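All chains are named by letter (A, B, ...) in the order of the sequence lines, taking the proteins before the strands, and each is independently numbered beginning at 1. This one's a predicted model, so the numbers in the text were calculated from it and none came from an experiment.
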Protein chains: 2
Amino acid sequence: MSLKHAILTLLETEDGTGYDLLKRFEDHLGYFWNASHQQIYAQLKTMHKEALIDFQLETQDDKPDKKIYTLTDSGRQELSEWVQQPLKLGKVKDALLVKIYAGHLADKEQLLEEMLHYRDSHKRMLQTFLAIEDEYLNSSKKKQQELAMPYLTLRRGIIGERACIEWAEEVIQYLRKIRA
Amino acid sequence: MSLKHAILTLLETEDGTGYDLLKRFEDHLGYFWNASHQQIYAQLKTMHKEALIDFQLETQDDKPDKKIYTLTDSGRQELSEWVQQPLKLGKVKDALLVKIYAGHLADKEQLLEEMLHYRDSHKRMLQTFLAIEDEYLNSSKKKQQELAMPYLTLRRGIIGERACIEWAEEVIQYLRKIRA
DNA sequence: CAGCAATATGCAATTTATTGCATATCAATA
DNA sequence: TATTGATATGCAATAAATTGCATATTGCTG
């Protein structure tokens with residue numbers, strides 16, 4: 001159950017609504033943690049019951065209401081306890097690799113198409129990450145120190161995407177070779 | 001629901017019991033797909049009901065009974081259909097990265113410990129993969145052709161592990177720098 | 001010979017995640 | 001002015017995964 005901790009982590013950085021969290025999952029944490037809006041709202045409800053978080057209701061006449069969530073002391077404690085604890089490694093589930101493994105059953109042209117698409121989306125992702133890195137590296141020393149840890153996760157993204165692309169190139173080269 | 005397809009993939013290569021599949025998940029597919037024995041047995045039961053697989057019961061006097069599962073035509077078809085279909089990308093869930101993201105709350109020494117452990121286990125994994133690769137590269141051309149697609153998944157493992165290690169080194173270096 | 005690891009299978013309860021549905025406003029655009 | 005996309009929230013049903021328990025044999029080791 002670590003969506004809980006992912007949410008605590010996000011709220012620790014900045015208060016926000018469920019929708020804000022969704023956006024932050026998509027934009028920032030998205031590379032290493034994902035959650036649907038249904039999951040997030042449900043989890044927030046549970047965590048509120050558990051008193052890990054609290055919210056201020058912002059009633060607006062024109063727009064729909066907002067619940068701005070904040071960490072409680074208890075939530076802050078839960079987070080720092082979790083951060084201290086060693087974690088068991090998460091399970092990998094990569095359907096593309098299962099598919100490649102069974103690749104002798106697939107149409108090679110189609111597989112090639114899919115791999116090209118895979119490579120290109122990872123290239124785009126890499127470009128996005130590099131742009132964020134650039135921004136970081138051009139920010140003030142103070143800002144850099146503040147964001148040092150999140151920056152390291154960005155580095156994971158960059159290194160990971162490069163690995164994806166490198167592998168995709170190998171697969172593409174192989175698929176083209178056997179076609180010829 | 002792709003545990004189903006992972007199991008179909010394994011059975012397509014070779015028939016086996018639930019336990020065999022568990023071992024093959026651990027040993028071979030483990031890098032990119034994981035499943036507990038409870039999950040596997042439950043899934044096998046469901047798939048049998050769906051007529052995707054069948055089994056021969058091997059009653060043994062001395063040892064506990066075995067159910068040796070095989071693909072049915074229907075299962076084979078399901079697999080090849082799945083392999084044809086483009087897949088949506090799976091969701092990443094990497095708790096370590098969430099933890100690093102919230103790393104300013106953590107004890108840095110402990111984090112360093114954890115990262116060293118992380119790096120070393122990935123180094124060991126890489127060694128394992130390289131040994132398997134070596135075996136592959138020294139096998140006959142025929143064998144190599146047969147295992148070409150699984151070999152590409154192994155390459156993913158090797159490239160992925162190298163990326164893990166590279167990143168871990170960066171994090172370790174950073175943690176040591178701020179300690180000094 | 002007692003205990004433990006490996007083989008071999010499974011149920012039940014609970015937790016987590018997905019899928020589908022539902023509502024409501026605002027701003028832009030066609 | 002009608003539609004779409006973004007904001008903002010949620011319920012209900014189902015599917016998938018985890019956790020805990022349970023059984024039974026073989027072979028090895030201390």
Side-chain angles (χ1 to χ4, degrees), chain A residues 1-8 10 15-27 29-30 33-50 52-53 55-69 82 87-95 98, chain B residues 1-8 10 15-27 29-30 33-50 52-53 55-69 82 87-95 98:
Chain A
M1 207 216 309
S2 245
L3 172 57
K4 177 152 107 178
H5 300 112
I7 289 175
L8 288 174
L10 285 177
D15 296 347
T17 67
Y19 193 77
D20 289 336
L21 292 174
L22 177 68
K23 290 296 136 194
R24 289 166 72 191
F25 269 115
E26 281 169 3
D27 300 342
L29 233 60
W33 205 278
N34 270 288
S36 64
H37 81 270
Q38 292 95 331
Q39 234 183 310
I40 292 169
Y41 288 119
Q43 191 62 42
L44 285 170
K45 202 179 167 183
T46 308
M47 289 165 73
H48 185 251
K49 244 186 274 176
E50 292 171 345
L52 298 172
I53 54 177
F55 64 83
Q56 282 82 51
L57 195 67
E58 203 169 281
T59 11
Q60 290 171 294
D61 294 331
D62 45 344
K63 286 183 187 179
D65 292 358
K66 274 183 180 187
K67 286 182 189 171
I68 298 168
Y69 287 94
W82 176 73
L87 42 79
K88 47 183 179 181
L89 7 61
K91 301 202 162 173
V92 191
K93 307 214 163 175
D94 190 330
V98 177
Chain B
M1 208 218 304
S2 245
L3 171 57
K4 177 152 107 178
H5 301 111
I7 289 175
L8 288 173
L10 285 177
D15 296 347
T17 67
Y19 194 76
D20 290 336
L21 293 174
L22 177 68
K23 289 297 136 191
R24 289 165 72 191
F25 269 115
E26 281 169 4
D27 300 342
L29 233 59
W33 205 279
N34 270 289
S36 64
H37 81 270
Q38 292 94 332
Q39 232 182 311
I40 292 168
Y41 286 119
Q43 191 60 43
L44 285 171
K45 202 178 166 182
T46 307
M47 289 165 73
H48 185 250
K49 243 186 274 176
E50 293 171 345
L52 298 172
I53 53 176
F55 64 83
Q56 283 80 53
L57 195 66
E58 203 170 282
T59 10
Q60 290 170 295
D61 294 332
D62 45 343
K63 287 182 185 178
D65 292 359
K66 274 182 178 186
K67 285 181 188 171
I68 299 167
Y69 287 94
W82 176 73
L87 41 80
K88 49 184 177 180
L89 6 61
K91 301 203 163 174
V92 190
K93 307 214 164 177
D94 191 330
V98 177

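The phosphate of dT7(C) has neither OP1 nor OP2 within less than 4.0 Å of any side-chain N or O from T17(B). Look at K23(A) and you won't find any side-chain N or O under 4.0 angstrom from OP1 or OP2 of dA6(D). In this model, the phosphate group of dT16(C) is not approached by any side-chain N or O of Q43(A) to a distance below 4.0 Å at OP1 or OP2.
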Strictly under 3.5 Å: I want the nitrogen or oxygen pairs between protein and nucleotides 20-22 of chain C, one per line.
{"from": "dG20(C)", "atom 1": "O6", "to": "Q38(A)", "atom 2": "NE2", "distance (Å)": "3.2"}

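Contact detail for D94(B) and W33(A): the closest heavy-atom pair is N-CE3, 3.5 Å.
The distance from atom CE of M47(B) to atom CD1 of I40(B), rounded to the nearest 0.5 Å, is 11.0 Å. Atom OH in Y19(A) sits 14.5 Å away from atom CZ in R24(A) (nearest 0.5 Å).
Rounded to whole Å, the distance from CD1 on I40(A) to P on dC11(D) is 15 Å. What separates NZ of K4(A) from P of dA17(C) is a distance of 12 Å, to the nearest Å. Between the CE atom of M47(B) and the P atom of dA15(D) there is a distance of 16 Å, given to the nearest Å. Taking atom NZ of K45(A) as the reference point, atom P of dT15(C) lies 16 Å away to the nearest angstrom. Distance K49(B) NZ to dA15(D) P: 12 Å, rounded to the nearest Å. Rounded to whole angstrom, the span from the CZ atom of F25(A) across to the P atom of dA17(C) amounts to 10 Å. Distance CG (L57(A)) to C1' (dG10(D)): 14 Å, rounded to an integer number of Å. Separating the CG atom of L22(A) from the C1' atom of dG5(D) is a distance of 14 Å, rounded to the nearest angstrom.
Each end of the helix from dC1(C)-dG30(D) to dA30(C)-dT1(D) gets its own rotation axis from five pairs of C1' atoms, and the angle between them is 30° to the nearest 10 degrees.
Between I7(B) and L52(B) there is no side-chain heavy-atom pair separated by less than 4.5 Å.
With dA17(C), dG10(C), dA6(D) as the choices, the nucleotide that has an atom nearest any side-chain atom of K93(B) turns out to be dA17(C). Comparing dT7(C), dA8(D), dT9(C) by their closest approach to the side chain of Y41(B) singles out dT9(C). When distances are taken from the side chain of Y19(A) to each of dT18(C), dT9(C), dT7(D), the shortest belongs to dT7(D). Looking at the side chain of K67(A), the nearest of the listed nucleotides dA8(D), dA17(C), dG10(D) is dG10(D).
The aromatic rings of W82(B) and H5(B) sit parallel to each other, their planes meeting at less than 30°, with 60° as the upper class boundary.
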For this session: Output, in order, the C-alpha distance, side-chain angles, deciding distance and verdict of side chain to side chain contact (heavy atoms under 4.5 Å, CB included) for E50(A) and K4(A).
Result: CA-CA 11 Å; E50(A) 292 171 345; K4(A) 177 152 107 178; 3.7 Å; yes
